[in-house]
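Only one structure is covered here, and it is reproduced in the block below.
All ligand and atom numbering here is 1-based and tracks the order in the structure. Position 1 is the first residue of the sequence, and the numbers go up from there. Since this is a predicted model, take the numbers as computed values, not measurements.
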Amino acid sequence: MHHYRIKDIFTQKPFRQKVEIRGWLKTRRDSKDFSFLEVNDGSCLANLQVIAPSALKNYSDVIVKLHTGCSLRVLGILNESPAKGQEVELLADQLEVYGWAAPDTYPLQKKRHSFEFLRSIAHLRPRTNSLGAIARIRSSLSFGVHKFFQEQGFVHVHTPIITTSDCEGAGEMFKVAAPPGSGKNIASKLSPNYEFFGKPASLTVSGQLQAEVYALALGNVYTFGPTFRAENSNTSRHLAEFWMVEPEIAFCDLAENMTLAESFLKYLIQYALEHNEQDLQLFANFIDKKLHKKLEVVLKSSFSRITYTEAISILEKTDRFFEFPVSWGTDLQAEHERYLCEEVFAKPVFVTDYPKEIKPFYMRLNDDNETVAAMDLLLPGIGEIIGGSQREERYDFLVSRMKKSNLNLEDYSWYLDLRRFGTVPHSGFGLGFERLLQFVTSMNNIRDVIPFPRTPGSAPY
Ligand code: ATP
Ligand code: MN
């Protein structure tokens, strides 16, 4: 006899066969001769309906005592269901409990819980429909990311988590330190300034600089890993630890970079629609009635492309109130980004060519000497989802930007070598994976699309 995942029961429908399932009880309802049990095993959103006849030998001392959260194993015959709204049901002839969940202490009951409450029980929340659906969509899109790049011949590079170079130069890096005495000699035990790596080290804010190394050898590469930012922003779109997808492409300019970003985003949305429809439907039912419409708009539209200068003039002309005033030279805030893509264009918008002062040193200086070849992709409901640029490939220009940013050139000699030896025009971008998940599910808070969120003041589990 076969142990089936419930998802496979629904797709393969092994009618009139004896099957075995294992999972957790969602609900129990008793009628005269039967109990109806809704069982979920995490393989899909839908529960399997189990019919437990009162003739079963453990009916009165086990089955009628089952509650939400109990784990069990059921053996029985799969039948077509006469009931409306479901195709199959399992007529149990044997049921065993792995573990009980006391109804007075188990925090997840049949009713709907707020996402805020669920965050406080992050060790149990994946058992809910919504958090389970998010976990499946997240896994599926992660696979989609790899599929997209692998199909196009990109090489996946594992860039380091611990680093001694600061990519964004914004001083938002977590320090990495070893316990005293863990160094290689006795002096380390005595020196409070001993550095395990020989100099101060941090958790990476981006794998870009190292990805550039591999792009300038292998052509097209990508990295997909955790990144860390010690920024004190308690917003619904910032985490201290998040996952970023970063392709880096040799022989590629800013326009081609945007074309890749646009097709990447569309691919992932299409991927979710094709592989996660049942889970997406949950969000369409309970979170955002217009979810599919929203995703369709992105798939069908060709994204707008405007310069930063054009964006500023649009923002200056509107009589809309903004908390943060804008003028040429200021960075765009989420409220400006959302106004542009939600109200002005009503579709995704690339904003390009930002002032060099508000962007990092590695972005390529434009001929106007004022702006750099940067691009941010803005999405309705999210704001910035992708940030990218054409990289400065000219040695002298790069050195001069680095000096202005007060970077120690010696620390970056390896990065400068890429411009000294066989430099090529190249570009890349970073997509925030959690923001993608927020967009695809319409979940409002980024803390609910990652299993264990890390935010200022909070890193339990
Ligand atoms: P923002 O202005 O929204 O804070 P950023 O400009 O600092 O973002 P980048 O350095 O361009 O972000 O990073 C690339 C992408 O990574 C962003 O477009 C966004 O999708 C994502 N991202 C950046 N910071 C965070 C964060 N703290 N939490 C989650 N995702 C983030
Ligand atoms: Mn950015």
Exercise. If you measure every N/O of Ile385 against every N/O of ligand 1, is any gap under 3.5 Å?
Worked result: yes

Exercise. Does NZ or CZ of Lys289 come closer than 6.0 Å to the centre of the six-membered ring of Phe283, within 45° of the ring's axis?
Worked result: no

Exercise. Any idea which atoms of ligand 1 are less than 4.0 Å away from a heavy-atom of Ile386?
Worked result: 18 (O)

Exercise. Can you check whether Lys26's main-chain N or O pairs, donor with acceptor, with Thr68's side chain at less than 3.5 Å?
Worked result: yes

For this session: Number the atoms of ligand 1 from 1 as they appear, then name those within less than 4.0 Å of a heavy atom of Gly430, with their elements.
Result: 14 (C), 15 (C)

Exercise. Side chains of Tyr222 and Gln150: is there a donor and an acceptor less than 3.5 Å apart?
Worked result: yes

For this session: Within a distance under 4.0 Å of any heavy atom of His238, pick out the atoms of ligand 1 and give their elements.
Result: 1 (P), 3 (O), 4 (O), 26 (C), 27 (N), 28 (N)

For this session: Please work out which of Arg229, Gln208, Met244, Gln438 has its closest non-hydrogen atom nearest to atom 9 (P) of ligand 1.
Result: Arg229

For this session: Determine whether more than 12 heavy atoms belonging to other residues, nucleotides or ligands lie under 6.0 Å from atom CG of Asp367.
Result: no

Seminar exercise, completed: Interatomic distance, CG@Leu436 vs OG1@Thr441, rounded to 0.5 Å, equals 9.0 Å

For this session: Quick one: do Asp253 and Arg364 satisfy salt bridge (Lys or Arg N to Asp or Glu O under 4.0 Å)? Show the steps, please.
Result: CA-CA 10 Å; Asp253 65 15; Arg364 192 180 197 276; over 6 Å; no

For this session: Using 2.8 Å as a strict upper limit, say whether an N, O or S atom of Glu384 approaches the Mn ion (ligand 2) that closely.
Result: yes

Problem set entry | ligand 1 atoms in contact with Glu231 (distance to a heavy atom under 4.0 Å) | 24 (N), 26 (C), 27 (N)

For this session: Indicate, as side chain, backbone, both or neither, the part of Arg237 found under 4.0 angstrom from ligand 1 when only non-hydrogen atoms are considered.
Result: both

Problem set entry | More than 12 heavy atoms from other groups under 6.0 Å of CZ on Phe251 | no

Exercise. Which atoms of ligand 1 sit under 4.0 Å from any heavy atom of Ile446?
Worked result: 29 (C)

